[in-house]
Amino acid sequence: MSATKTETKSPCLREVVARSVKQYLDDMGQTPPNDLHDRIIREVERPLVETVLEHTGGNQSKAADILGVTRSTLRTRIKRYGL
């Protein structure tokens with residue numbers, strides 16, 4: 001089934017992240033954010049790992065492949081976030 005001109009395209013992940021970061025910075029006003037990169041990684045990584053694990057039915061090998069990390073790295077994240 002091909003897309004028609006009346007269908008709306010959902011925003012790509014990059015656009016969603018850019019909008020969210022811009023909104024966060026705007027909300028901060030004159031207060032400079034500290035360690036923004038680390039904060040974003042902490043906020044995004046847990047739901048990312050959790051969602052991919054749910055998608056794979058808890059299969060860590062498949063989840064690690066989808067995430068592009070080793071099973072060992074995935075297990076570290078699972079332990080870190082108590083998943």
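Owing to the predicted nature of the structure, the values given are computational and were not obtained by experimental measurement. Values below: every heavy atom of this structure, side chains too, minus hydrogens, waters and symmetry copies.
Rounding to the nearest 0.5 Å places CD of Glu15 at 11.5 Å from OG of Ser20. The line from CD of Glu50 to CD1 of Ile78 is 10.5 Å long, rounded to the nearest 0.5 Å.
Sequence neighbours left out, the pairs with a member in residues 34-43 that pass side-chain hydrogen bond (donor to acceptor under 3.5 Å, both in side chains) are Tyr24-Arg39.
Annotation for Met28 and Pro33: closest pair CE-CA, 4.1 Å, computed over non-hydrogen atoms. The shortest heavy-atom contact between Leu53 and Ala63 is CD2-CB, 3.8 Å.
Linking Ile, Leu, Val, Met, Phe, Trp and Tyr whenever their side-chain heavy atoms come within less than 4.5 Å leaves Val44 and Val69 in two separate clusters. Under the 4.5 Å side-chain heavy-atom criterion for Ile, Leu, Val, Met, Phe, Trp and Tyr, Ile66 and Leu13 are members of distinct hydrophobic clusters.
Looking at Thr76 and Thr73, their side chains never bring a donor and an acceptor atom within 3.5 Å of each other.
Side-chain contact between Arg80 and Glu45 is present, with heavy atoms from C-beta onward closer than 4.5 Å. Between Thr56 and Asp65, every side-chain heavy-atom pair lies at or beyond the 4.5 Å cut-off. Contact check for Thr70 versus Arg75: no side-chain heavy atoms found under the 4.5 Å cut-off.
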**Message:** Show, in sequence, the C-alpha distance, side-chain angles and deciding distance for Val52 and Leu74, and conclude whether the side-chain contact (heavy atoms from CB on, under 4.5 Å) test is met.
**Reply:** CA-CA 11 Å; Val52 172; Leu74 178 59; over 6 Å; no

**Request:** Decide yes or no on side-chain contact (heavy atoms from CB on, under 4.5 Å) for Leu83 and Arg46, but give the supporting numbers first.
**Result:** CA-CA 9 Å; Leu83 302 174; Arg46 180 188 174 123; 3.6 Å; yes

